[in-house]
Visitor: 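Have a look at this one.
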Amino acid sequence: MTSHAAEIDLENLLRQALYVTGEGPRWTIDADEMWCRLTPRSATSREQGWKLHVSATSVSAPEVLAKALDVLLREESVFKYARSLEQVRALNSRATPRGSSGKFLTVYPRSDADAVRIAWELHRATEGLAGPRILSDQPYAANSLVHYRYGAFVGRRRLSGDGLLVWFIEDPDGNPVEDKRTGRYSPPAWAVSPFPASVPTPRQAGKAPSGPVLLGGRFSVREAIRHTNKGGVYRGTDVSTGRPVVIKEARPHVEADAAGDVRDWLRAEARTLEKLSGTGLAPERLAMFEHGGHLFLAQEEIPGIPLRNWVAEHFRDVGSERYLADALAQTERLVDLVAAAHAQGCVLRDFTPGNIMVGPDGELRLVDLELAVLEGDAALPTTVGTPGFSAPERLSDAPVAPSADYYSLGATVCFVLAGKVPNLLAEEPAGRAAQYRLAGWLDACAGTLVLPDGMAEMILGLMRDDPAERWDPAGARAALRRMRRGLAAHPVVVPAREDRRHDTTQDAVAGIVDHLVDSMTPQDERRLWPVSTVAGETDPCTVQQGAAGVLAVLTRYFELTGDERLPELISTAGHWTAARTDTRSTRPGLHFGGRGTAWALYDAGRAVGDHALMDHATALALAPQEPTPSYDITHGTAGSGFAAAHLWHRTGDPRFAGLVTDAADRLVAAARRDPTGVSWPVPAETLSGEAVSEEAGKRYLGFAHGTAGIGCFLLAAAAVADRREYLDLAVAAGEGLVAAAVRVGEAAQWPAQAGDVPTAPYWCHGSAGIGSFLLRLWQTTGDDRFGRLARQATRAVLERASRAPLTQCHGLAGNGDFLLDMAAATGDSAYRASAQDLARLIVSEGAHRNGHVVFPNEYGGVSTGWSDGSAGILAFLLRTRHTDSRHWLIHQPG
């Protein structure tokens, strides 16, 4: 095999094989960005069954493909393979989900008999070649590249109880069953394997064995800290001493290239630990050994928690004022830690809050040193790093240099003080330098975050774009001394910052609207606007991540501005959505259900005078709903009732008033009272055919999934039906939230469930959503306990502003909408000013792309959706410029 595998074109190998064998006329070939798929012209269709996967590395893939083609081109089964070596590397990356990793080639046999025969032939053809174990499958034999699992052959999907599109197969009775792709071989109980019993494979550490797992003859595994594609990390005990240990695992052939794989990273970490032994900077190395073909490194367990966790938990527990003093002390320790590592001849290359442990005494130690490079050692080439914390040149595989650690130090200091590092998406064409954008974000933070004079300059100095201009730890330490003395900041040329008096939201609004207008694709059968699917893919028509959420915001923008581009676009988007919604039955809920979509369609049709859309929306909203065990706003009864209440206000149609009453009556019957208030536990029963929910019995408090959202609907229902029992139940819901509040300083926070620690102050579970309900309860009842708690909820929102993502569900847009509600309800302009501070923070993270403005979601991508993308952000920014009502809520009487 050639040593220049990276230069080999896999598609050219296919063309050669088809030519040499003369089999070309028998096959049709279809390729997309990821896969090359071959289908025999004589192929018979099969929807599910036992399928085969063959693994390979980017080095072995050409030979694996060539040998597999010798077998498969003679067969009558459909197969596909990753079309480039770049895709093979992606499949074998340590960041690849465990359920997908390693699957270089997939075969869809015509029958079980064919599956058994082809598996044997592929095993024999590829025996001895390199490839990772495929974790979701059963290996055909020990060390075989061939694996098998039972699953779907065609892309059949359905909506789960959570409203997410999932792949499914059918059981023998024709019932749908989710085709889960996890890091564990788990065939359906009714799928009998036709394959001969495999040679037993070694048990992996961390699984549930009959007795204790003893690794290396010395280390007993207690629990898994995490599992990733590269291997697990486990807590255990050194049975020879009784001391706690951490054991890291590296699987063969993951992240493999000509220079090695993740086992080489683990060996490098062992050398670094040996070098740092006795310094107190890192854990002590205990042993390195192989077990079942995997490499393991045992090291001392460092007591404490990762710095990433400390930042969130300490801020939550002590409040903003005390936290600042403690964060400044941690900043000094961070500077000293990098300086001490460099003094030992160690360049860290991955200095991040996840790789630093905070001990019980507050002291810091380094962990996860697999990318560190010792002076005099040849560095393994890598572009692996942590976005936001790794220097830009590091992610381009620049030569090892201490200056990259200076950048990471600055980012980590920023994270400790501000709670996050902004995600500055690449601009297209390349425009503003990252250091100028970072300066703009730090300046925008000034509205809600107090930093010592000189601290922003220190962060900017460490994170300069040019490595040669970055401050080193000595310069940072000197700046910290000056801060302590209250002297002038270190003289540094600070990039010009945007004047905070200039309203930057107008440009952002225009850029978002342009992006939404230009990115709509009505010719696409699956998605009208691009959305992120990292957290799962939803129905393409819903509010949460679908067309309805974007349509509603563009409709509102048209009503406010009269933009002449929009009537035709709104009509097109509305009819695209209407064509994909079934008026015979709908799913429940506002954000994931049919009535939320009907809300958006009705308002769109009303805005542009499209009566066909309004009629379809009415039929959709009046359609029978699928049974649901959910009571909440997003998926359940309260959300369906809320949409019906809105449509009753719009139309006066008594049928919608009846739907409101039906929903409220169901919530009255389901309410569970206790001495502190009322709640709606998640029921144990589920939709037909689905397993009992892991959520069963949970009593959520927040707006999206719990008490606050249900209470808000009951207020609306009381107004529609003039029923006192609905209002009394809403008040009882408020009483429960009063009892569950956790006050730290002037801020009111809530846990996701009563009794837990407080969660982040967002719309979904936290203070912004709960405060939104309490505000309306105060307006309705005049009980100032509710109003006082709502005001305290704004403190939690503002204190955490610099830490928040940007979006509606979990972030600044939803939090800002709450502040604007407070401004409207109280007449206090300070709340509007605070909302504008949040708007500036959002705008400062915007990226310019080809005349558009886009924003990062929580996962680092770009989405147009309501909950996690541009549509929800646009809705809030519009309200900072226009006096307007909040989306998906109904005004209560003042």
Visitor: Would you mind reporting whether N423 and F855 have side-chain heavy atoms less than 4.5 Å apart?
Guide: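 Sidechains of N423 and F855: no contact.
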
Visitor: Within a strict 4.5 Å, meaning less than it, do heavy atoms of the P422 and L438 side chains meet?
Guide: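 Of all side-chain heavy-atom pairs linking L438 with P422, at least one is under 4.5 Å.
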
Visitor: Determine yes or no for a side-chain-to-main-chain donor-acceptor pair under 3.5 angstrom, with E332 supplying the side chain and L480 the backbone.
Guide: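 Not a single qualifying donor-acceptor pair exists.
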
Visitor: Report yes or no: does T538 contribute a side-chain atom to a donor-acceptor pair with the main-chain N or O of G163 at less than 3.5 Å?
Guide: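 Flag not set: sc T538 to bb G163 has no pair under 3.5 Å.
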
Visitor: Looking only at atom types and distance, does a side-chain atom of S867 sit under 3.5 Å from a main-chain N or O of Q544, one as donor and one as acceptor?
Guide: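 Yes, S867 side chain to Q544 backbone: donor-acceptor pair under 3.5 Å.
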
Visitor: Are Q435 and M463 close enough that some pair of their side-chain heavy atoms sits under 4.5 Å apart?
Guide: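 The answer is no, as the side chains (C-beta and beyond) never meet within the 4.5 Å cut-off.
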
Visitor: Does this structure show an ion pair linking R556 with D603, if we count only N-O contacts that are shorter than 4.0 Å?
Guide: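 Looking at R556 and D603, the cut-off is not met.
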
Visitor: Measuring centre to centre across the rings, with the benzene-like ring taken for any Trp, is W866 within less than 6.0 Å of H887?
Guide: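 Yes, close enough.
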
Visitor: Do T759 side-chain atoms and G766 backbone N/O form a donor-acceptor pair below 3.5 Å?
Guide: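 Side chain of T759 to backbone of G766: no pair is present.
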
Visitor: Would you mind writing out the side-chain donor-acceptor pairs for residues 308-321 within the sub-3.5 Å range, not counting sequence neighbours?
Guide:
residue	atom	partner	partner atom	Å
H314	NE2	D326	OD2	2.6
S320	OG	E799	OE2	3.4

Visitor: Would you name the heavy atoms of G593 and T542 that are closest together and state the gap between them?
Guide: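 Answer, listing the atom of G593 first, then T542: N-CG2, 4.5 Å.
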
Visitor: Determine whether T412 and F389 make a side-chain contact, defined as any pair of heavy atoms from C-beta on separated by less than 4.5 Å.
Guide: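 When only atoms from C-beta onward are counted, F389 and T412 do touch, with a gap below 4.5 Å.
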
Visitor: Determine all donor-acceptor pairs shorter than 3.5 Å in which one atom belongs to a side chain in residues 745-757; sequence neighbours excluded.
Guide:
residue	atom	partner	partner atom	Å
Q749	OE1	R800	NH2	3.1
W750	NE1	L737	O	2.7
Q753	OE1	R699	N	3.3

Visitor: Quick check: do L806 and I873 have side-chain heavy atoms less than 4.5 Å from each other?
Guide: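 Sidechains of I873 and L806: in contact.
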
Visitor: Centres of the W599 and H591 rings: under 6.0 Å?
Guide: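 So the answer is no for these two rings.
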
Visitor: Spell out, as yes or no, whether a donor-acceptor pair under 3.5 Å connects the side chain of R776 to the backbone of S772.
Guide: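 Yes, the answer is positive, given that a donor and an acceptor are paired below the 3.5 Å cut-off.
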
Visitor: Does anything in residues 765-814 pair up under ring pair (Phe, Tyr, Trp, His ring centres under 6.0 Å), and if so which pairs, sequence neighbours excluded?
Guide: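 Counting only pairs at least two positions apart or across chains, the ring pair (Phe, Tyr, Trp, His ring centres under 6.0 Å) contacts touching residues 765-814 are Y700-H765, H705-H765.
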
Visitor: Which atom names give the shortest non-hydrogen contact between L551 and A600, and what distance separates them?
Guide: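 Reported closest heavy-atom pair: CD2-O, 4.2 Å.
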
Visitor: Strictly below 4.0 Å, N to O, side chains only: are D784 and R791 in salt-bridge contact?
Guide: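 Salt bridge between D784 and R791, a charged N being under 4.0 Å from a carboxylate O: yes.
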
Visitor: Any salt bridge between R840 and E845, counting N to O under 4.0 Å?
Guide: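 No, R840 and E845 are not salt-bridged.
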
Visitor: Would you check if the side chain of R650 reaches a backbone N or O of A645 as a donor-acceptor pair within less than 3.5 Å?
Guide: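 Side chain of R650 to backbone of A645: no pair is present.
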
Visitor: Please give me the minimum heavy-atom distance between A607 and F558, naming the atom from each residue.
Guide: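 Closest approach of A607 to F558: O-CE2, 3.6 Å.
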
Visitor: Locate the shortest heavy-atom distance separating L841 from C445; write the atom from each residue and the value.
Guide: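 Closest approach of L841 to C445, heavy atoms only: CD2-SG, 3.7 Å.
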
Visitor: Kindly confirm or rule out a cation-pi arrangement of R803 over Y323, judged by NZ or CZ under 6.0 Å from the six-membered ring centre and within 45° of its axis?
Guide: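 Relative to the ring axis of Y323, which defines the angle, R803 lies inside both limits.
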
Visitor: Do V550 and L874 have side chains that approach each other closer than 4.5 Å (heavy atoms only, starting at C-beta)?
Guide: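 Contact flag for V550/L874 side chains = no.
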
Visitor: Using a strict cut-off of less than 4.0 Å between a Lys/Arg side-chain nitrogen and an Asp/Glu carboxylate oxygen, indicate whether R432 and E427 qualify as a salt bridge.
Guide: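 Result for this pair is yes, salt bridge flagged.
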
Visitor: For the backbone of S532 and the side chain of Q545, can you confirm whether one donor and one acceptor N or O come within less than 3.5 Å of each other?
Guide: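 It does hold such a pair.
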
Visitor: Between R785 and E735 (salt bridge meaning N to carboxylate O under 4.0 Å), is one present in this structure?
Guide: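 Salt bridge: yes.
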
Visitor: Is the shortest side-chain N to carboxylate O distance from R832 to D837 below 4.0 Å?
Guide: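 So R832 does not pair with D837 through a salt bridge.
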
Visitor: Is there side-chain contact between Y762 and C809, with heavy atoms separated by less than 4.5 Å?
Guide: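 Heavy-atom side-chain distance check fails, nothing below 4.5 Å.
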
Visitor: For residues I770 and W763, determine if any side-chain heavy atom of one lies less than 4.5 Å from a side-chain heavy atom of the other.
Guide: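 No - every pair of side-chain heavy atoms lies 4.5 Å or more apart.
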
Visitor: Using the rule given for salt bridge (Lys or Arg N to Asp or Glu O under 4.0 Å), can you reason through R565 versus D514, listing the C-alpha separation, both sets of side-chain angles and the distance that settles it, and then say yes or no?
Guide: CA-CA 10 Å; R565 297 173 296 173; D514 288 345; 2.8 Å; yes

